[in-house]
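A short worksheet on the structure shown next.
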Amino acid sequence: MAKIAVLDDNMINMIAAGEVIERPASVVKELLENSIDAGASKIAVEVEEGGRKLIRIIDNGSGMDSADLALVFEPHATSKIRVSDDLAGIRTMGFRGEALASIGSVAKVSITSRTPEAIEGYTINNDCGDKSEVRPCSGDVGTTIEVRDIFYKLPARQKFLKTPKTEMTHIIEHFTRIALSHPDLDLTLRHNGREVHRLLSGQGVKDRIQVLFGQSLAEDLLETSRDERGMRIRALLAKPVAARASGKYQYLFLNRRFIRDRFVLHAVKEAYRGLTEPNKYPVVFLFMQMPPEDYDVNVHPTKIEVRFDNANLIHSQVLAVLRDKLLASNLDVPGTAPSAEPFSAEHLSTFGSGQRKERIQQAMSGFFSKPASAQHQRKFSFSNAGRGESLPQMPQSSAATALPDMPTFENSENLETLHSNQYLQVHNSYILLQSEDGFVVVDQHALHERILYEQMCRWLREGNLPSQRLLMPHSFEVTNAQLDAYESQKDLFVKLGIEVEPFGPNTLAIQTFPALLDKADPVEFVKEALDKLVEEGADTDSERLVHEVLDMAACKAAVKAGQSLSKEEMNQLLKDKDIVQRTSRCPHGRPTTISFSMKELEKQFKRTGF
Ligand code: ADP
Ligand code: MG
């Protein structure tokens, strides 16, 4: 007897449902997408008990006539594609024709629909594959779909459903994705008769973010866009300090479809490299548009994954647009805990000698007496200082002229920090200076480290780090592991401007060393770098290694905490802060600058409310 039998349609649908319909939220997603494909401008979603009991979606789209309704629950029944060529350029949210067939096989479904031309509507029911006739009925133009008691005949699947509250969280997430990518839609979400979200059409994406995620996130977003090489990107980026412990707040949309893509996510991570603490995920809303012919969405049943024809191009475009924006923005961390009381009387009295105390008090009073207009003029007085000779510790060698252009002040709309002689080094570690609306505290080591790191990154993008030949080669002994690491990562050292040559058995000699690192001991540095390579193992991503070694280099070459700086040196450092512009976090993720506003001070001194 033959063992193989062709499964009946309902079995096929139930198997498809296993892939497409995981939980009530998947139903909401599929139905919302259908309403969008039907051209609806207004959609209401009503849910009871997290969708376990009821999901109702009402749209004002193009509707279906009786012939369409008769086919709507058939597997692979779709109005969106006809021939195989259509698959190469999908412009609709759906195309597989399996959502309604799947949903109909696992729940009690009723559909009522009316097209604009028809004088009446039609309705059809499907109870887990048991379909009714199509019958006329009254109703508005558009479609209403009700899905009740999902999985009620499938206890094994029902068992996996979570509490209504948890299921509702999933529904809200899908609703949110649609709401962000379709700001033109009028959307409502109700749960157990209560309104969860009411989103009017014509809101901007930022308005929607504010409603869905809160004011504080929305108001701090940086906005940027680019239209290049067949790809349009619009991004709303949270500042690095807002990064989260999970990647949940990384919203990627491709032609209005929410996607997860490791190339794009990697580009996002790269763009924030060194700005966020390790293991944190920056908050981004990224809207990409490109011709549907340039990627394939038919790789995953829920279409959450896509396959790009040119993933490298996507990666570099996303990285560039985000990084450029971050680079040009002031990412300073606003002053935080009022309990910090940075300038309490006790603090002042511990500052040491009376003379010093006086200096501090003088400077403090000067901070707040300068009229704003005078400061404003000064704000632009360094606009020509975009060249390398202004960097601290840069030897006057060829290196300085190799510098690529830096952003100028005219481009930096967010520039807050102002220069004047009104700054002060505190405990040989911090620099205080006046800003437009208060003052900032700069961590001299962290800031310098960040400047050097950025500088080195720039040089690396152009080629190798400028180096100088050592008067005498510095030789040193290495272990076998260090030697292996050196052999496999020779290029890395070349990039860094470090020429190393074998110098007898288990001995290497350093011939050239980066000019920027003149404070560091070459042997110590190279040994440490080799140890890092040994530790990381041979198969580590070389790009990452470069940056780790850069972190190390920047840390070594930067001024230390506890090092007294001359006025000129401080001047230089603060100038470079603005040139680099991206100084909010040092490579290790610590902030470089903390700002305090007048408002906060006034609050501390209880001056508000009078
Ligand atoms: P797909 O969306 O992949 O085509 P579905 O099973 O989700 O498959 O839907 C099947 C068909 O039913 C769609 O192609 C569309 O023609 C029709 N349809 C579904 N929902 C609606 C709706 N809300 N308004 C109008 N037509 C709809
Ligand atoms: Mg569909």
Side-chain angles (χ1 to χ4, degrees), residues 9-10 12-22 25-46 55-84 86-87 89-107 109-118 121-126 129 131 134 137 139-147 150 174-175 177-178 181-182 185-188 255-258 292 296-304:
D9 277 356
N10 204 46
I12 293 172
N13 295 339
M14 282 172 71
I15 290 166
E19 289 187 311
V20 187
I21 307 303
E22 190 196 344
S26 339
V27 173
V28 172
K29 168 188 179 283
E30 292 294 336
L31 298 187
L32 278 171
E33 292 188 351
N34 280 346
S35 297
I36 290 168
D37 283 344
S41 61
K42 189 171 179 178
I43 310 172
V45 184
E46 295 170 4
I55 296 162
R56 182 187 294 121
I57 305 229
I58 307 154
D59 73 44
N60 65 351
S62 56
M64 287 171 274
D65 60 19
S66 62
D68 282 339
L69 280 181
L71 286 175
V72 81
F73 290 116
E74 295 303 314
H76 316 298
T78 178
S79 57
K80 299 168 194 174
I81 54 172
R82 285 279 181 274
V83 293
S84 63
D86 294 343
L87 272 179
I90 299 290
R91 285 176 163 75
T92 47
M93 305 290 281
F95 61 90
R96 297 167 61 109
E98 53 188 10
L100 284 175
S102 301
I103 297 166
S105 72
V106 298
V109 184
S110 91
I111 304 182
T112 304
S113 197
R114 189 181 135 198
T115 59
E117 310 79 51
Y122 292 91
T123 183
I124 183 170
N125 299 318
N126 186 350
K131 276 172 281 187
V134 178
C137 70
D140 295 331
V141 171
T143 304
T144 296
I145 303 188
E146 286 182 1
V147 178
I150 186 169
H174 281 284
F175 180 88
R177 294 173 185 176
I178 295 282
S181 51
H182 295 80
L185 280 182
D186 182 312
L187 288 169
T188 311
N255 290 351
R256 298 179 148 214
R257 187 192 301 281
F258 177 87
D296 184 4
V297 305
N298 191 21
V299 291
H300 190 274
T302 66
K303 311 171 200 93
I304 195 162

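Whatever order the structure lists ligands and atoms in, that order sets their numbers, starting from 1.
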For this session: Count up the protein N, O or S atoms sitting under 2.8 Å from the Mg ion (ligand 2), would you?
Result: 1
Side chains of [X] and [Y]: does their closest heavy-atom pair fall under 4.5 Å?
{"X": "I103", "Y": "L31", "answer": "yes"}
{"X": "I111", "Y": "Y122", "answer": "no"}
{"X": "V45", "Y": "T188", "answer": "no"}
{"X": "S110", "Y": "I145", "answer": "no"}
{"X": "I12", "Y": "I15", "answer": "no"}

Do ligand 1 and [X] have nitrogen or oxygen atoms that lie under 3.5 Å from each other?
{"X": "F95", "answer": "yes"}
{"X": "S62", "answer": "no"}
{"X": "L100", "answer": "yes"}
{"X": "A99", "answer": "yes"}

Non-hydrogen atom of [X] closer than 4.0 Å to ligand 1:
{"X": "G61", "result": "no"}
{"X": "D37", "result": "no"}
{"X": "E30", "result": "no"}

For this session: Please indicate whether K131 has more than 12 foreign heavy atoms, meaning atoms of other residues, nucleotides or ligands, lying under 6.0 Å from its NZ.
Result: yes
Tell me: protein heavy atom nearest [atom], and distance?
{"atom": "atom 10 (C) of ligand 1", "value": "A77 O, 3.4 Å"}
{"atom": "atom 12 (O) of ligand 1", "value": "V72 CG2, 3.4 Å"}
{"atom": "atom 8 (O) of ligand 1", "value": "G97 CA, 3.1 Å"}
{"atom": "atom 2 (O) of ligand 1", "value": "K80 NZ, 2.6 Å"}
{"atom": "atom 25 (C) of ligand 1", "value": "A38 CB, 3.5 Å"}
{"atom": "atom 20 (N) of ligand 1", "value": "N34 CB, 3.3 Å"}
{"atom": "atom 14 (O) of ligand 1", "value": "S79 N, 2.9 Å"}

Exercise. Of T123, D140, T143, D59, which meets side chain to side chain donor-acceptor pair (under 3.5 Å) against S113?
Worked result: T143
Problem set entry | Cation-aromatic face contact K29/F175, 6.0 Å, 45 degrees | no
How does [X] reach ligand 1, if at all, at less than 4.0 Å between non-hydrogen atoms: by side chain, backbone, both, or neither?
{"X": "D59", "result": "side chain"}
{"X": "M64", "result": "side chain"}
{"X": "T78", "result": "both"}
{"X": "A40", "result": "neither"}

Exercise. Atom CD1 in I36, atom CZ in R257: separation rounded to 0.5 Å?
Worked result: 10.0 Å
Using only heavy-atom distances, determine whether the side chains of [X] and [Y] contain a donor-acceptor pair under 3.5 Å.
{"X": "S105", "Y": "N13", "value": "no"}
{"X": "S41", "Y": "N60", "value": "yes"}
{"X": "N255", "Y": "R91", "value": "no"}

For this session: For the pair E33 and R256, find out whether any cationic side-chain nitrogen is under 4.0 Å from an anionic carboxylate oxygen.
Result: no
Problem set entry | Lys/Arg-Asp/Glu bridge criterion (N-O < 4.0 Å) met for D37, K80 | yes
Seminar exercise, completed: Atoms of ligand 1 under 4.0 Å from any heavy atom of R96, numbered from 1 in the order shown, are 3 (O)
Seminar exercise, completed: Counting from 1 in the order shown, the ligand 1 atoms closer than 4.0 Å to a non-hydrogen atom of G94 are 2 (O), 3 (O)
Seminar exercise, completed: D86 and R82 have their tightest heavy-atom pair at OD2-N, 2.8 Å
Problem set entry | For the student: nearest non-hydrogen atoms of S35 and I43, plus distance | CB-CD1, 3.6 Å
